[in-house]
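Every number for a ligand or one of its atoms is a count from 1 in the order of the listing.
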Amino acid sequence: MVLNFEKEKLVTELKKLKPKKVLVQLPEGIKQNASEIAEIIENLNIEVVFSGETAWGGCCISPQEAKNVGADLIVHFGHAKFIDIDFPILYMEVKDELNLHPLLQKSIKHLKNFKKIGISYSIQHKHDIDKIIRFYENEEKKVILSGKKGRVKYEGHIVGCQYSGLKAIEKDVDCFVIIGNQFHSMGAAISVEKPVVLVDVYNDKIRDMDGVREKILKQRAISIQKLKDARNVGIIQEEKLGQQFGTSEYLVDKLKEQDKNVILITMNELTPDKLMNFYNIDCFIVLACPRIPIDDFAKYEKPMVTFKEALVALGMKSWDEILKIGII
Ligand code: SF4
């Protein structure tokens, strides 16, 4: 990984915005660069405080944390803009400067049966997308970028909770190529029916995601059944402003109609230890990041479902309807 923080852009934007004090949010992989970033900001006579909280995505925005430390701007590194809120945020997308050519070449044998490929990239590779398209076109592939839908910021851009851009082009492509990491390709594999190939830039390999969809969907069906059978249900909401997937009011009435006891639980970030003592709860509905129940279910003692899955368990949507729009 060769990360480019776009120092010049950071300096230009900060000079324009003129904050007195900033709260900087860094994804885990970039926290090691905090001192370097602090130096750039402090050289502009701006005070800086780093958030020690996690920043998994552009969803992890906390204006309250900024206000608590007296910051008048949040500088969020590593993700594209995700939500609009009434607090100033400077998103610094960060480029990963790699030579992707050898890896793209390796991908060709995995794509030999496909003529039309749908491409999505994680934000660190946006600056390479023209080269990537040219590469595949030279290999006589027709390339279509996934659509700019919902919370994604650019055509072709992928985030872990929004796959409608891939679904929008699914009928026009033979397969999908994801330039990024396993997290994004796994979400794609669950969301679309066409084959998904991961160009895994972090492990320097190509991975066919065959079989992932069937395996995960089977597991999801089991969790949905657990909610149907549950007597005591906990609905979890996170305080992160970008992680509001579904509304509790809607679910509470339906759960009560079905003779279930319901409690609402709020927290800054969902982790297994925080649920341990809610031992009377049979199943949790997670209104935070939908990838937690899907990807991390094995880390939790009790079953968990997403908002969409809860709608299926409560008979408000059919499983087929959810599959059609995408389970994430
Ligand atoms: S909600 Fe989850 S998948 Fe979506 S951006 Fe945030 S961390 Fe990523």
Side-chain angles (χ1 to χ4, degrees), residues 25-31 51-65 74 76-85 89 91-94 96 120-126 146-154 156-167 176 178-192 196 198 202 209 212 216 220 235-248 266-272 274 284-297 299-300 304-310 322 325-328:
Q25 294 186 297
L26 301 172
E28 296 312 297
I30 310 183
K31 284 201 166 88
S51 170
E53 301 299 329
T54 51
W56 304 118
C59 58
C60 298
I61 293 292
S62 174
Q64 193 52 51
E65 195 185 358
I74 294 173
H76 181 104
F77 279 86
H79 304 107
K81 182 178 172 185
F82 191 80
I83 46 166
D84 274 313
I85 57 164
I89 306 170
Y91 286 93
M92 295 296 302
E93 290 174 1
V94 179
D96 194 355
S120 301
Y121 57 83
S122 55
I123 197 69
Q124 294 77 11
H125 308 291
K126 177 174 170 280
S146 53
K148 180 181 174 307
K149 296 267 178 196
R151 297 177 190 224
V152 305
K153 191 167 173 210
Y154 309 102
H157 172 211
I158 195 168
V159 293
C161 49
Q162 185 78 61
Y163 290 91
S164 46
L166 281 78
K167 291 195 82 65
F176 288 93
I178 309 298
I179 313 286
N181 60 31
Q182 186 157 324
F183 176 70
H184 290 122
S185 64
M186 195 172 121
I190 304 166
S191 304
V192 297
V196 174
L198 168 63
Y202 302 107
M209 302 301 290
V212 169
I216 302 274
R220 300 322 303 152
I235 300 180
I236 300 169
Q237 297 166 304
E238 272 193 18
E239 290 158 19
K240 291 175 182 172
L241 293 180
Q243 291 203 14
Q244 317 287 332
F245 293 82
T247 51
S248 56
T266 181
M267 57 184 75
N268 181 42
E269 179 160 323
L270 174 55
T271 52
K274 289 184 187 161
F284 293 96
I285 300 172
V286 177
L287 303 185
C289 174
R291 298 297 297 267
I292 301 171
I294 295 173
D295 296 42
D296 294 347
F297 71 92
K299 294 184 190 160
Y300 290 82
M304 298 195 299
V305 297
T306 65
F307 178 71
K308 285 184 185 173
E309 291 167 345
I322 295 297
I325 56 171
I327 73 161
I328 295 176

Note: ligand 1 atoms sitting under 4.0 Å from heavy atoms of Phe245 are 1 (S)
Tell me the protein heavy atom at minimum distance from atom 2 (Fe) of ligand 1, and give that distance in Å. Cys289 SG, 2.3 Å
Do Gln237 and Ser248 have side-chain atoms, one donor and one acceptor, less than 3.5 Å apart? yes
Hey, looking at atom 1 (S) of ligand 1, which of Gly57, Cys59, Ala55 has the closest heavy atom? Cys59
All heavy atoms of Gly78 vs all of Pro27, minimum pair found to be CA-CG, 4.1 Å
Distance under 4.0 Å to a non-hydrogen atom of Trp56: what atoms of ligand 1 satisfy this? 7 (S)
Indicate if the distance from atom 2 (Fe) of ligand 1 to the nearest N, O or S atom of Cys161 falls below 2.8 Å. no
Stacked cation flag Lys148 on Tyr154, 6.0 angstrom / 45 deg: no
Can you list the steps and then say if Ile292 with Tyr300 is a side-chain contact (heavy atoms from CB on, under 4.5 Å)? CA-CA 10 Å; Ile292 301 171; Tyr300 290 82; 3.7 Å; yes
Once the angle between the rings of Tyr202 and His125 is folded into 0 to 90°, is it parallel (under 30°), tilted (30 to 60°) or perpendicular (over 60°)? tilted
